[in-house]
> 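I'd like to ask some things about the structure below.
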Protein chains: 2
Amino acid sequence: MGQKRATLADVARLAGLSKTTASMVLNGREGTRLSAEAHQRVFAAAEELGYRPNVAARSLRTRKTATIAFVSDIVATTRFAGGLIRGALDAARERDHVLLITETQGDAAFERYAIEAMLDRQVDGVIYAAMASRRLTVPDAILGGPVVLLNATSGEDLPSVLPDDERAGAAVTEILLRQGHHDHIALIGRNELKESDPEVSIAAGARLRGVRSALAAAGVGLFAECFCVDWLPEHGYAAMRTLLSRSPRPSAVICMNDRLAFGAYQALGEAGLSVPGDVSVVSFDDDPIAAWLRPGLTTAALPHERMGRRAVEILLDGGAAGPSLVPMPLRRRRSTAVPAAR
Amino acid sequence: MGQKRATLADVARLAGLSKTTASMVLNGREGTRLSAEAHQRVFAAAEELGYRPNVAARSLRTRKTATIAFVSDIVATTRFAGGLIRGALDAARERDHVLLITETQGDAAFERYAIEAMLDRQVDGVIYAAMASRRLTVPDAILGGPVVLLNATSGEDLPSVLPDDERAGAAVTEILLRQGHHDHIALIGRNELKESDPEVSIAAGARLRGVRSALAAAGVGLFAECFCVDWLPEHGYAAMRTLLSRSPRPSAVICMNDRLAFGAYQALGEAGLSVPGDVSVVSFDDDPIAAWLRPGLTTAALPHERMGRRAVEILLDGGAAGPSLVPMPLRRRRSTAVPAAR
DNA sequence: CTGTTAGCGCATTCAT
DNA sequence: ATGAATGCGCTAACAG
């Protein structure tokens, strides 16, 4: 692309100075003071020629590329985790860096290939991201340089950024408690596998702990718990139906994510029950659908954008090893109310 | 990253040959025949050292970087257009290329900055993508090299990739027609602005044309048309309610996208009407929500992944100027049925 | 058929 | 305070 770009030599020649001088001026080297006139001349020449340094040449010399690799299992194409990329993109731009994005699709061969491709391009660091927050094993190849884990942790003590699911679990539960719900709060989305295996999910366990601790603090327990093989609308639908088939019915339900909540809404609607009149619903994620539901769903938002930002901040500006928790803001909509008189 | 990598010189030395020979062997140059033994030695040495070429050095020389810029207004972070990136990523990988992704967020200053950052990195070409298919003006800066427009067209005669919305419009309508719907088919989502200004949308006009032509071929017209200021669930909801407030009600409705259809489902549900028993619904996009609805929504899918692939194919393998239409596959679910007896 | 030589554009010693 | 020379790792003329 870009046919004939001016080189540093061109600028120096036009300014009537040496390449060294031009280079120093343009890079604003501190150590040595150049005459004010030299500055003028160099800048003027650079301006006139529309000079832009050749990054390849520079990095050959400096071994820095102002490029960071963003490798993920599948996050890049996932509908609501695009926020991770946007946040990273923003923070990178603010620091004059650029993102090389790849997806491994969970395939080990792809991953190896992707990582080598990044390394060949001398990236300054890598952000290793997972779609669903979980623990993963980091390929040795990238341990040679700066790495930060995004939406994931690992056995090694690497810096990582994660949403604060546990606190969100408590927060969401407290909303219900404060509105007067007590011993008729049900939970949809228990899942042994997700809760016990950090390589599958770390959100599930954390959310559950948060919910339980808030409940315990209020001196109550869960009224009912529905297990779901996965967190999709159909599972929320089925869970809500079983909940409704029993009596008494819960006054409120906490869904482990918004898709489950969507399914719950569907079951409630079919049963002729209203949210929040008959049952209150709260959830996690702030999937776009949460705002589209009628009434809007109160949920704890996954702070994707902030997380993406944070990852590059830690990578570039430095940061402590270990996990860094990003708070999940509450999106309060109209899906909760005081329990109906019974 | 990657501390000390072996260089070509190292490989040559270990093989006891010259750098030239090593380079030629490794690059499989055709012109000149190297001895089979030289091959062996070079490969063995490269293998032993774990040699990988330094891309920066190579591109300094060849002016190729095996990197393509993916610049979009906002697509990168948009929930269901991630498919565009995934497709591009896949096709790029197959060709040993890598993607430098940026987002301009519709801001001219960001855009200029982003494009310069890409050009500084000597990208081999750029894919210029829009979130919603529309016509846009391409910055001069990137016209110096290969460009392909993704989900967009421009005044210049550049290669571009677009979904075939018009054919989808006809296809979706024909489903209804074939099931026996005739003069009671309503349309939700008319929008003068989207239809008339290609810089806002090209999908709206195309879909509408498709619907009308299919209807005309069957000798019927639209039973009703609802205008919507935007294509969000709330607008679909409102439109459906007005449709329902009149008598007779439509036997089927075509929604301009899935979010509108979602709103229509909500209104239908509240009115105690069933899909497809009372009214059939078809739509466009295949938003994830289409599969989550009960019953699943029949819709014409935006072929994001194929489009992303196509864009890099055209960019790298060459392709004709002008628009290239990608078919929108029908996702047949359970939202249509023969019209109820009336 | 193989090796020598010369840059690509830049940052950086080391002289001046 | 400025400039000439060197080399980052690689490929491509050009000799041998």
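Every chain is numbered from 1, with letters handed out A, B, ... down the list of sequences.
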> Can you see if the side chain of A:Arg63 gets near the phosphate of D:dG9 - specifically, an N or O under 4.0 Å from OP1 or OP2?
yes
> For A:Arg58 and C:dG9, is the shortest distance between a side-chain N/O and OP1 or OP2 below 4.0 Å?
no
> C:dC1 P sits how many Å from B:His39 NE2, rounded?
11 Å
> Are OP1 or OP2 of C:dC10 and a side-chain N or O of A:Ser23 less than 4.0 angstrom apart?
no
> Flag the pair A:Arg86 / B:Gln105 as yes when at least one side-chain heavy-atom distance between them is below 4.5 Å, and no otherwise.
yes
> Expressed as a whole number of angstroms, how long is the span from A:Arg52:CZ to C:dC10:P?
12 Å
> Go through the steps to decide whether B:Ser160 and B:Leu150 satisfy the test side-chain contact (heavy atoms from CB on, under 4.5 Å), and finish with yes or no.
CA-CA 6 Å; B:Ser160 68; B:Leu150 182 50; over 6 Å; no
> Within the 4.0 Å heavy-atom criterion, would you say A:Leu8 contacts the bases, only the backbone, or no part of the nucleic acid?
sugar-phosphate
> Expressed as a whole number of angstroms, how long is the span from A:Lys19:NZ to D:dT6:P?
12 Å
> What is the distance, rounded to the nearest whole Å, between atom CG of A:Leu49 and atom C1' of C:dG9?
14 Å
> Among C:dA11, D:dG9, D:dT11, which nucleotide has an atom closest to any side-chain atom of A:Asn27?
C:dA11
> Would you check, one step at a time, whether the test side-chain contact (heavy atoms from CB on, under 4.5 Å) holds for A:Val161 with A:Val148?
CA-CA 8 Å; A:Val161 356; A:Val148 9; 4.1 Å; yes
> Go nucleotide by nucleotide along DNA chain D from the 5' end; which of B:Ala9 and A:Gly16 gets its closest nucleotide reached first?
A:Gly16
> What's the CG-C1' distance between B:Leu17 and C:dT4, to the nearest Å?
14 Å
> Of the nucleotides C:dA11, C:dG3, C:dG9, which has the atom closest to the A:Ala57 side chain?
C:dG9
> Which atom pair, heavy atoms only, marks the closest approach of B:Leu162 to B:Ala152?
CD2-N, 3.4 Å
> Please pick, from C:dA6, D:dG3, C:dG9, the nucleotide with the shortest atom-to-atom distance to any side-chain atom of A:Arg61.
C:dG9
> Rounded to whole Å, please give me the gap between CG in B:Asp10 and C1' in D:dC8.
13 Å
> How close or far is atom P of C:dG9 from atom CZ of A:Arg13, stated in whole angstroms?
11 Å
> Tell me which nucleotide among C:dG9, D:dT11, D:dC10 gets nearest to the side chain of A:Thr7.
C:dG9
> For the pair made of OH in A:Tyr51 and C1' in C:dC10, what is the distance, rounded to whole Å?
7 Å
> So, does B:Arg135 use its side chain to make a donor-acceptor pair with the main chain of B:Pro198 at under 3.5 Å?
no
> Please compare B:Leu60 and B:Thr20 by the position of their nearest nucleotide in DNA chain D and report the one closer to 5'.
B:Leu60
